[in-house]
Amino acid sequence: MCTIIHGIPVVADPTLSQKKTNIIVAEVIKSWIWEGRQLGKIELICDGKWVHVCSYEKPSIQFFPNK
């Protein structure tokens with residue numbers, strides 16, 4: 001299931017409840033903000049009792065003059 005939570009694209013395992021997904025995403029967002037990084041995407045994958053959280057940084061694009 002793909003959804004947007006707090007402005008972040010999230011791909012979550014369908015076995016996760018919406019409530020649990022929101023709790024995990026909120027914690028990931030807090031930790032990224034604390035580190036000063038920009039979160040681009042989160043994937044949540046269930047594996048038995050564990051939830052694997054794959055978080056990706058927002059790409060940074062810079063332009064430089066070509067002289």
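Values below: all heavy atoms of this structure, side chains included; hydrogens, waters and symmetry mates excluded. Quick caveat: nothing in here was measured; it's all calculated off a predicted structure.
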So, using side-chain contact (heavy atoms from CB on, under 4.5 Å) as the criterion, who are the partners of [X] when residues are at least two apart?
X     : result
Thr3  : Met1, Ile5
Cys54 : Glu43, Ile45, Tyr56
Lys49 : none

Which atoms form the tightest heavy-atom contact between [X] and [Y], and what is the distance?
X     : Y     : value
Asp13 : Cys46 : OD2-N, 3.3 Å
Gly40 : Pro9  : O-CD, 3.2 Å
Ser55 : Leu39 : CB-CD1, 3.8 Å

### Task
Evaluate whether atom CD of Glu57 has more than 12 neighbouring non-hydrogen atoms of other residues, nucleotides or ligands under 6.0 angstrom away.
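Atom CD in Glu57 is crowded, with more than 12 foreign heavy atoms closer than 6.0 Å.
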
What distance do [X] atom [atom1] and [Y] atom [atom2] have between them, rounded to the nearest 0.5 Å?
X     : Y     : atom1 : atom2 : result
Ile42 : His6  : CD1   : NE2   : 9.5 Å
Lys20 : Ile24 : NZ    : CD1   : 5.0 Å
Lys41 : Ile8  : NZ    : CD1   : 12.5 Å
Leu44 : His52 : CG    : NE2   : 11.0 Å

#### Entry: Joint cluster assignment, Val10 & Ile33, ILVMFWY side-chain distance < 4.5 Å
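Shared cluster, yes.
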
### Message
Taking side-chain contact (heavy atoms from CB on, under 4.5 Å) as the criterion, tell me which of Ile23, Asn22, Ile29 meets it with Val25.
### Response
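Option passing the side-chain contact (heavy atoms from CB on, under 4.5 Å) with Val25: Ile29.
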
